[in-house]
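Below: one structure, written as structure tokens.
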Amino acid sequence: MNNIEDFRNYCLSFKGVTEKFPFDETTLVFYVMEKMFCLVDINDFDYCNLKCDPDEAQELRALYEGIKPGYHMNKKHWNSVYFNSDVPFELINNLVLKSYHLVVKKLTKKQQGLLDEI
């Protein structure tokens, strides 16, 4: 990921995504239907926190130095993925998309229906 704007545009390209600064003025959080799927610091753009399947999270941490347990997050379900590391650009994009889909899958049927209408 080259810069925060490219990353932000990628995250906002998914259906129903909104963004907020709920914690402080530098931590940008991306939501789908009010559920978080990605967090990134806009000043220190060096990693993002992404929701992840617990088994896959462990595998990814074993494979890549640039994937660690989620900083300030539930370490079972979140990974911190570092941009300038051994994690390929394509994999980062894929993990962002997987995080989005994991959250969508957990939405209620009503929320999923509303998302389909967008």
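Just so we're clear, the structure is a prediction, and the values are computed from it rather than from any experiment. The first residue of the sequence shown is numbered 1, and numbering continues consecutively from there.
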Could you check whether any side-chain heavy atom of [X] comes within less than 4.5 Å of a side-chain heavy atom of [Y], counting everything from C-beta outward?
| X | Y | value |
| --- | --- | --- |
| Arg61 | Pro69 | yes |
| Leu114 | Ile118 | no |
| Asn84 | Asp46 | no |
| His77 | Pro54 | yes |
| Cys48 | Phe83 | yes |
| Lys51 | Lys35 | no |
| Cys11 | Tyr100 | no |

Single-linkage hydrophobic cluster [X]~[Y], side-chain heavy atoms < 4.5 angstrom:
| X | Y | value |
| --- | --- | --- |
| Leu102 | Leu12 | no |
| Leu39 | Phe21 | no |
| Phe23 | Val103 | no |
| Ile4 | Tyr71 | no |
| Val104 | Trp78 | no |

Within this structure, what is the [atom1]-[atom2] distance for the pair [X] and [Y], rounded to the nearest 0.5 Å?
| X | Y | atom1 | atom2 | value |
| --- | --- | --- | --- | --- |
| Leu50 | Lys98 | CG | NZ | 11.5 Å |
| Met36 | Ser99 | CE | OG | 10.0 Å |
| Cys52 | Met73 | SG | CE | 12.5 Å |
| Asp6 | Phe45 | CG | CZ | 8.0 Å |

Establish, from distance only, whether the side-chain atoms of Asp41 and Thr27 form a donor-acceptor pair under 3.5 Å. no

Taking [X] for its side chain and [Y] for its backbone only, find out whether a donor-acceptor pair lies under 3.5 Å.
| X | Y | value |
| --- | --- | --- |
| Asn79 | Ile67 | no |
| Asp86 | Tyr64 | no |
| Asp24 | Thr26 | yes |

Which pairs with one or both residues in residues 106-118 pass side-chain hydrogen bond (donor to acceptor under 3.5 Å, both in side chains), sequence neighbours excluded? Thr108-Gln111

Going through the checks in order, is the side-chain contact (heavy atoms from CB on, under 4.5 Å) test met by Val81 and Leu60? CA-CA 10 Å; Val81 180; Leu60 290 166; over 6 Å; no

Lys76 NZ: over 12 foreign heavy atoms closer than 6.0 Å: no

Determine whether more than 12 heavy atoms belonging to other residues, nucleotides or ligands lie under 6.0 Å from atom CD of Glu5. yes

State which residues pass side chain to side chain contact (heavy atoms under 4.5 Å, CB included) with Lys20; sequence neighbours excluded, sorted by chain then number. Pro22, Tyr31, Glu34

How far apart are the C-alpha atoms of Asn93 and Leu97, what are their side-chain angles, what is the distance that settles it, and do they pass the side-chain contact (heavy atoms from CB on, under 4.5 Å) test? CA-CA 6 Å; Asn93 279 347; Leu97 185 59; over 6 Å; no

Yes or no on side-chain contact (heavy atoms from CB on, under 4.5 Å) for His101 and Phe14, after CA distance, side-chain angles and deciding distance? CA-CA 10 Å; His101 284 300; Phe14 306 140; over 6 Å; no

Restricting to ring-ring contact (aromatic ring centres under 6.0 Å, His included), what partner residues turn up for Tyr82, sequence neighbours left out? Tyr47

Ring-plane angle category for Phe7 and Phe30, please: parallel below 30°, perpendicular beyond 60°, tilted otherwise. perpendicular

Where is the tightest heavy-atom contact between Glu65 and Lys68, given as atom of each residue plus distance? O-NZ, 2.8 Å

